[in-house]
*Asks:* 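What follows is a structure written as structure tokens; I'll ask about it next.
We count residues from 1, following the sequence as given.
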Amino acid sequence: MHLECSALHIQQTADTMEVPQLKPVQDVPEIDLDDIDKLLESLSPEELEELNGDFDPDNSLLPPSQRMKNQTSKAPTGPYHRKKLLDFLEKKAKEEKDWEQNKPFVKEIRGKIWKPKVEPKSKEEEEHLETEWDDILTAASEEELVDLAAVLGFHGMLNQTQYYAGLDNMKIEAGGFQGVAKAQELIKVPDEPPNKTDVEESIKRLKDNDSKLTHLNLNNIKNISVERLIEVCETLKTNTTLETLEMASVNMTDKVAKKLAEALSENKTLKVLNVESNFVSGEAIVEIMKAINKNQTLQELRVANQKPEVLGNKVEMTLVKLIGENSTLLRFGIALEFPDARVRIHEKLQENNDNLRKKRVGKD
């Protein structure tokens, strides 16, 4: 009931309120743009000037010459010369006096002057007694202090060169505590003398089965022909005195390696063979290993650093099988790619060394 009365009261109040009426807007005369010239002719000079000044100076669509009206009523005195104008402005600026300052400049220091805080001395410093060592350390040079730091083991205060010089009790000549560690001079190592082994004489002695020739070194002789290398290999078939043959870096190829394998299958006295740094393929190394297994007298074989560095899984597994059948090989120099082959060959060589040691201990 109360809500109905309130609604009725609101309705009566709304009916009695007077609604303000808007004033009618005066009609704006329509301007025909075709008659714009006649309209401009009817304006006075003052009205035209006021009309020209009524535009937006920030309107980027207008050219700069039209964004601001000409406010100079003075007639031009002559043509525009930029250099003359700059000279005139500079001359006028020099002739005019500077503006007087209202307050003369006086250097003033404002605020408090900073002074470092004096820390109170500790009891240890107050009780410190000067000794003769204080005078000695004060008068010592920086190089002498560096030597002393090296002797006392204060290596954190030294650079690398000074550190190692202090360990070896050498004279420290690398500046003071701020010294820069310089690279040490390289030690010149003389080149190895060339191999002067007479190949022709060696072949003759091998053929004659010279008992004094037990070690033949042909390493690094580059001018040995293939025929001479094959001839050296052929002499091994009948030679019974040679125990060590070194033919590293002699440009050996598979042709020579196969002849060497044929000779090893008949030779029973050779114990060490070195053919590293040549051009022997994996298949030729397998042939050499097969020939060694026939007599099983070779104790050391070195075939590493060949031109075809990668032997392949097939060749490596074949070598594992052949070395597994050999009971006298103690050292085998070769670069293997697969860990399985490397581990199995290592275990077999270790087994051969253990068996040899057991035989030696048994004889003793």
*Asks:* Out of curiosity, Q350 CD to N355 CG, how far, rounded to the nearest 0.5 Å?
*Replies:* 11.0 Å

*Asks:* For D87 and K91, run side-chain contact (heavy atoms from CB on, under 4.5 Å): C-alpha distance rounded to whole Å, both residues' side-chain angles, the deciding distance at 0.1 Å, then the answer.
*Replies:* CA-CA 6 Å; D87 295 340; K91 181 180 178 182; over 6 Å; no

*Asks:* Between the side chains of K258 and E262, is the shortest nitrogen-to-carboxylate-oxygen separation below 4.0 Å, so that they form an ion pair?
*Replies:*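 So E262 does not pair with K258 through a salt bridge.
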
*Asks:* Enumerate the side chain to side chain donor-acceptor pair (under 3.5 Å) contacts for residues 316-328, please, sequence neighbours excluded, ordered by first and then second residue.
*Replies:*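 For residues 316-328, and leaving out neighbouring residues, the side chain to side chain donor-acceptor pair (under 3.5 Å) pairs sorted by first residue read N293-N326, Q296-S327, N326-T328.
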
*Asks:* So E90 and K92, salt bridge (Lys or Arg N to Asp or Glu O under 4.0 Å) or not? Walk me through it.
*Replies:* CA-CA 5 Å; E90 184 178 359; K92 187 175 181 181; over 6 Å; no

*Asks:* Using side-chain heavy atoms (C-beta onward) and a distance below 4.5 Å, is V275 in contact with L260?
*Replies:* yes

*Asks:* Could you check if a side-chain atom of E283 sits within less than 4.5 angstrom of a side-chain atom of D254, using non-hydrogen atoms only?
*Replies:*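 A side-chain contact is absent here, since even the closest heavy-atom pair is not under 4.5 Å.
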
*Asks:* Heavy atoms only: give me the nearest C233-A263 pair and the separation to one decimal.
*Replies:* O-CB, 3.0 Å

*Asks:* Name all residues meeting the side-chain hydrogen bond (donor to acceptor under 3.5 Å, both in side chains) criterion together with T244; count only those two or more places apart in sequence or in a different chain, and write none if there are none.
*Replies:* none

*Asks:* Nearest heavy-atom pair of A261 and E287: which atoms, and what distance?
*Replies:* CB-O, 3.7 Å

*Asks:* Looking at CD of E96 and CG of D98, how far apart are the two atoms once the value is rounded to the nearest 0.5 Å?
*Replies:* 9.5 Å

*Asks:* Counting distance only, does the side-chain N/O of T241 pair as donor-acceptor with the main-chain N or O of D210 below 3.5 Å?
*Replies:*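 Confirmed, T241 side chain pairs with D210 backbone.
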
*Asks:* Does anything in residues 270-280 pair up under side chain to side chain donor-acceptor pair (under 3.5 Å), and if so which pairs, sequence neighbours excluded?
*Replies:*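 Pairs touching residues 270-280 that pass the test: S277-N305.
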
*Asks:* What pair of heavy atoms forms the shortest contact from F279 to Q306, and how long is it?
*Replies:* N-OE1, 3.5 Å

*Asks:* For the side chain to side chain contact (heavy atoms under 4.5 Å, CB included) test, which of N352, V303, L298 pairs with F332?
*Replies:* V303

*Asks:* Do the non-hydrogen side-chain atoms of R302 and L273 ever get within less than 4.5 Å of each other?
*Replies:* no

*Asks:* Applying a strict under-4.5 Å side-chain criterion to I, L, V, M, F, W and Y, I'd like to know whether I288 and L330 cluster together.
*Replies:*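 Looking at the clustering, L330 is in a separate group from I288.
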
*Asks:* Tell me, with the steps shown, if S265 and N295 meet side-chain contact (heavy atoms from CB on, under 4.5 Å).
*Replies:* CA-CA 7 Å; S265 62; N295 297 317; 5.5 Å; no

*Asks:* Is there a side-chain contact between M252 and V280, using heavy atoms and a 4.5 Å cut-off?
*Replies:*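 Side chain of M252 against side chain of V280, heavy atoms only: contact under 4.5 Å found.
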
*Asks:* Can you list everything that forms a side-chain hydrogen bond (donor to acceptor under 3.5 Å, both in side chains) with E119? Sequence neighbours excluded, please.
*Replies:*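 side-chain hydrogen bond (donor to acceptor under 3.5 Å, both in side chains) check on E119 returns nothing, list empty.
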
*Asks:* Listed by chain and number, what are the side chain to side chain contact (heavy atoms under 4.5 Å, CB included) partners of K255, not counting sequence neighbours?
*Replies:*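 Side chain to side chain contact (heavy atoms under 4.5 Å, CB included) list for K255, sorted by chain: V226, I230, T253.
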
*Asks:* Got a sec: does the CZ of F338 have more than 12 other heavy atoms crowding it under 6.0 Å?
*Replies:*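 Enclosed.
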
*Asks:* Does R357 come within less than 4.0 Å of D354, counting only side-chain N to carboxylate O?
*Replies:*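 Between D354 and R357 there is a salt bridge, with a charged N closer than 4.0 Å to a carboxylate O.
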
*Asks:* We want to know whether T240 and N209 form a side-chain donor-acceptor pair, criterion being a heavy-atom distance below 3.5 angstrom.
*Replies:* yes

*Asks:* Hey, what do you get for CG (L218) to CZ (R228), rounding to the nearest 0.5 Å?
*Replies:* 12.5 Å

*Asks:* Atom CD of residue position E309 - does it have more than 12 heavy atoms of other residues, nucleotides or ligands inside 6.0 Å?
*Replies:*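 Atom CD in E309 is not packed in, count stays at 12 or less.
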
*Asks:* As an exercise, state the distance from CD of E234 to CD1 of I203, rounded to the nearest 0.5 Å.
*Replies:* 11.0 Å

*Asks:* What I'd like to find out is whether the side chain of Q299 reaches to under 4.5 Å of the side chain of V272, using heavy atoms alone.
*Replies:*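 Side chain of Q299 against side chain of V272, heavy atoms only: no contact under 4.5 Å found.
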
*Asks:* Which pairs with one or both residues in residues 331-347 pass side chain to side chain donor-acceptor pair (under 3.5 Å), sequence neighbours excluded?
*Replies:* E300-R331

*Asks:* Can you give me the closest heavy-atom contact between S211 and T214, atom names plus distance?
*Replies:*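 Looking at all heavy atoms of both residues, the closest pair is O-CG2, 3.7 Å.
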
*Asks:* Quick one: CD1 on I323 to CG on L349, what's the gap to the nearest 0.5 Å?
*Replies:*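 Spacing of CD1 (I323) from CG (L349) equals 6.0 Å.
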
*Asks:* Going from NZ on K307 to CG on N251, what distance comes out if it is rounded to the nearest 0.5 angstrom?
*Replies:*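 Here the rounded value is 11.0 Å.
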
*Asks:* Of all the heavy-atom pairs spanning S281 and P308, show the shortest one and how long it is.
*Replies:* CA-CG, 3.9 Å

*Asks:* Is there side-chain contact between L229 and M247, with heavy atoms separated by less than 4.5 Å?
*Replies:* yes

*Asks:* Counting N and O atoms only, with roles assigned by atom type, does the side chain of E41 sit under 3.5 Å from a partner on the main chain of K38, one being a donor and the other an acceptor?
*Replies:* no

*Asks:* Does the side chain of L216 come within less than 4.5 Å of T197's, by heavy atoms?
*Replies:*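 Yes, at least one pair of side-chain atoms sits under 4.5 Å.
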
*Asks:* So, do V199 and E231 sit near enough that their side-chain heavy atoms are less than 4.5 Å apart?
*Replies:*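 With C-beta onward as the side chain, the pair stays apart.
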
*Asks:* On a heavy-atom basis, which atom in I221 and which in N223 lie closest, and how many Å separate them?
*Replies:* CG2-OD1, 3.1 Å

*Asks:* Hey, are D208 and K204 close enough for a salt bridge, meaning a charged N less than 4.0 Å from a carboxylate O?
*Replies:* no

*Asks:* Where do V250 and K222 land on the side-chain contact (heavy atoms from CB on, under 4.5 Å) test, with the steps shown first?
*Replies:* CA-CA 5 Å; V250 292; K222 303 295 184 182; over 6 Å; no

*Asks:* Determine whether E266 and L236 satisfy the following criterion, side-chain contact (heavy atoms from CB on, under 4.5 Å), listing intermediate values before the conclusion.
*Replies:* CA-CA 8 Å; E266 300 182 15; L236 296 178; over 6 Å; no

*Asks:* Look only at the side chain of N239 and the backbone of T235, and say whether a donor-acceptor pair between them is shorter than 3.5 Å.
*Replies:*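 No; zero donor-acceptor contacts below 3.5 Å.
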
